[in-house]
Participant: 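Questions regarding the structure given below will be posed in turn.
Computed over heavy atoms, backbone and side chain alike; hydrogens, waters and symmetry mates excluded.
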Amino acid sequence: MTRLIVRRVLWTIPVILLVILMTFLLMRQIEGNPFRTSERAIPASIQANLEAKFGLDDPWWKQYVRYVKGVATFDLGPSLVLRNRDVNDIVREHFPPSLELGALAMLFALVFGIPLGLLAALRANKWPDYTAMFVANVGFAVPSFLIATLLIYFFAVRWGDIFDIPTSGWTTWQSKILPTIALGLGPMAYFARLTRGSVLETLQQDYIRTARAKGLRRRRVVVVHTLRNSLIPVVTAAGPILGFLITGSFVIEQIFAIPGIGRYYVTAVTGRDYSVVMGLTVLLAMIVIVANMVVDILYGILDPRTREAR
């Protein structure tokens, strides 16, 4: 397992370099001027001085090499649009709320999605199965922004006197309830459907029939033999979904006025703020890489055969 982790860590180096290169080249294809904040044109002399200050007048490969050196020293550079702001400061101030929101949404999806799918599989073609799959299909089909709007309407307008749940901000634990549900309902539905299909398939395996024939208790058969092997597809999907929840929470952050990093990401892309886009892209790529690494480790825990094969 240690060799696997070391090998995966070493593989992150070319992946990060490729992510930086692709993002770097794509950003250069977007038209616009990061130093122009109004309709008035910037004088050529001032434009040249700004480009020289930030090194934008150098060849693209020199800019790429300089940025890679900055990433290696954890220096993501200054923002080109936000004056007197460094990318490190933006990440330090606004990334924790986005990370916490994604982690809470992921926890909500796993805690409710896996039991819902397990219940549906153990009561297949019965009313618990139909009810669970109806909830899962609704959660999977309805977009998160509509769920957020409905939650605000019911808990703030219709039932505000009863529940008194905040619908904006990210300060108290009460203010984190609705954003977590709105962002985590879709993944919860996906985990429920995935768990149901995997459990139904596992229940047909020979070792499950053998465990039942040996007289093992139903709970032990379900928890130890069935659920453990059925979680492998769920673990496979959990890594990319966690990255999506952390990086794709911009709409939820806007609706609930959460001071996350999604707003800076979108603003940086539209404003050609190269350093902010590059820094956030590298950060989010690292999150996905680490999540996939954790998935590989969980593979070895859930199914030792995968560890021995590697």
Side-chain angles (χ1 to χ4, degrees), residues 89-117 132 134-195 234 237-270 276 279-281 283-288 290-291 294:
D89 296 333
I90 296 174
V91 171
R92 190 180 303 110
E93 294 176 12
H94 299 280
F95 183 65
S98 296
L99 180 62
E100 186 179 4
L101 174 59
L104 290 176
M106 187 68 178
L107 182 63
F108 172 82
L110 292 173
V111 169
F112 290 95
I114 293 177
L116 193 65
F134 174 78
V135 173
N137 289 331
V138 171
F140 192 76
V142 179
S144 59
F145 67 87
L146 180 56
I147 295 174
T149 304
L150 293 175
L151 289 175
I152 293 176
Y153 172 74
F154 283 106
F155 287 94
V157 179
R158 295 291 299 274
W159 307 328
D161 296 336
I162 302 176
F163 293 98
D164 192 23
I165 299 178
T167 58
S168 63
W170 192 256
T171 54
T172 63
W173 67 269
Q174 293 93 337
S175 63
K176 302 175 183 180
I177 296 176
L178 298 185
T180 299
I181 297 176
L183 186 61
L185 192 60
M188 183 210 73
Y190 179 73
F191 285 140
R193 297 173 61 179
L194 195 62
T195 302
V234 177
I241 288 178
L242 178 59
F244 165 76
L245 291 177
I246 296 175
T247 61
S249 59
F250 168 70
V251 176
I252 301 298
E253 290 178 7
Q254 288 291 98
I255 294 176
F256 291 98
I258 299 173
I261 209 167
R263 175 168 60 91
Y264 288 89
Y265 206 170
V266 176
T267 304
V269 172
T270 57
V276 174
L280 298 185
T281 301
L283 177 64
L284 301 178
M286 287 297 299
I287 292 175
V288 175
V290 172
V294 174

Participant: Minimum heavy-atom separation for A132 to L116, with atom names?
Facilitator: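 The pair with the smallest heavy-atom distance is CB-CD1, 3.6 Å.
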Participant: State the CG-CZ distance between L280 and F95, to the nearest 0.5 angstrom.
Facilitator: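 CZ of F95 is found 9.0 Å from CG of L280.
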Participant: Considering only heavy atoms from C-beta outward, does the side chain of E100 approach that of W170 to under 4.5 Å?
Facilitator: yes
Participant: Check whether any side-chain N or O of T167 sits under 3.5 Å from a backbone N or O of I152 as a donor-acceptor pair, and report yes or no.
Facilitator: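 The answer is no, because no donor-acceptor pair under 3.5 Å joins these two groups.
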Participant: Rounded at 0.5 Å granularity, tell me how far CG in L99 sits from CG in L284.
Facilitator: 10.0 Å
Participant: At what distance, to the nearest 0.5 angstrom, does CG of L283 lie from OG of S98?
Facilitator: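 OG of S98 is found 10.0 Å from CG of L283.
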Participant: Rounded to the nearest 0.5 Å, how far does CD1 of I165 lie from CD1 of I177?
Facilitator: 4.5 Å
Participant: Looking at every heavy atom in both I114 and V234, which two are closest together, and how far apart are they?
Facilitator: CD1-CG1, 4.2 Å
Participant: Compare every heavy atom of A148 with every heavy atom of I255, then report the nearest pair and how far apart it is.
Facilitator: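 The pair with the smallest heavy-atom distance is CD1-CB, 3.9 Å.
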Participant: Kindly compute the distance separating CD1 (I258) from OG1 (T171), expressed to the nearest 0.5 Å.
Facilitator: 10.5 Å
Participant: Excluding sequence neighbours, so at least two apart, what forms salt bridge (Lys or Arg N to Asp or Glu O under 4.0 Å) with E253?
Facilitator: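 Partners of E253 by the salt bridge (Lys or Arg N to Asp or Glu O under 4.0 Å) criterion come out as none, since no residue qualifies.
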Participant: Is the shortest side-chain heavy-atom distance between N137 and R193 below 4.5 Å?
Facilitator: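 Side-chain contact under 4.5 Å: yes.
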Participant: Aromatic rings W159 and F154: how do their planes relate, parallel, tilted or perpendicular, breaks at 30° and 60°?
Facilitator: tilted
Participant: Where is the tightest heavy-atom contact between A182 and I147, given as atom of each residue plus distance?
Facilitator: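 Heavy atoms of A182 and I147 come nearest at CA-CG2, 3.9 Å.
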Participant: Look up atom CD1 in I181 and atom CG in L104, then write down how far apart they are to the nearest 0.5 Å.
Facilitator: 11.0 Å
Participant: Report the C-alpha separation of F191 and I241 in whole Å, then their side-chain angles, then the decisive distance to 0.1 Å, and conclude whether the side-chain contact (heavy atoms from CB on, under 4.5 Å) test is met.
Facilitator: CA-CA 10 Å; F191 285 140; I241 288 178; 3.8 Å; yes
Participant: Counting only heavy atoms not in F108, do more than 12 fall under 6.0 Å of its CZ?
Facilitator: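 Atom CZ in F108 is packed in, count exceeds 12.
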Participant: Please confirm whether the backbone N or O of T172 pairs with a side-chain atom of S175, one donor and one acceptor, at under 3.5 Å?
Facilitator: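 Checking the backbone N and O of T172 against the side chain of S175, a donor-acceptor pair under 3.5 Å is found.
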Participant: Looking only at non-hydrogen atoms, find the nearest pair between H94 and P259 and report the distance.
Facilitator: ND1-O, 3.3 Å
Participant: On a heavy-atom basis, which atom in L194 and which in A237 lie closest, and how many Å separate them?
Facilitator: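 Taking every non-hydrogen atom into account, CD2-CB, 4.0 Å.
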Participant: Would you check if F256 and S168 make a side-chain contact, meaning some heavy-atom pair closer than 4.5 Å?
Facilitator: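 A side-chain contact under 4.5 Å is absent here.
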Participant: Where do K176 and L101 land on the side-chain contact (heavy atoms from CB on, under 4.5 Å) test, with the steps shown first?
Facilitator: CA-CA 8 Å; K176 302 175 183 180; L101 174 59; over 6 Å; no
Participant: Do L185 and S144 come within less than 4.5 Å of each other through their side chains, counting heavy atoms only?
Facilitator: no
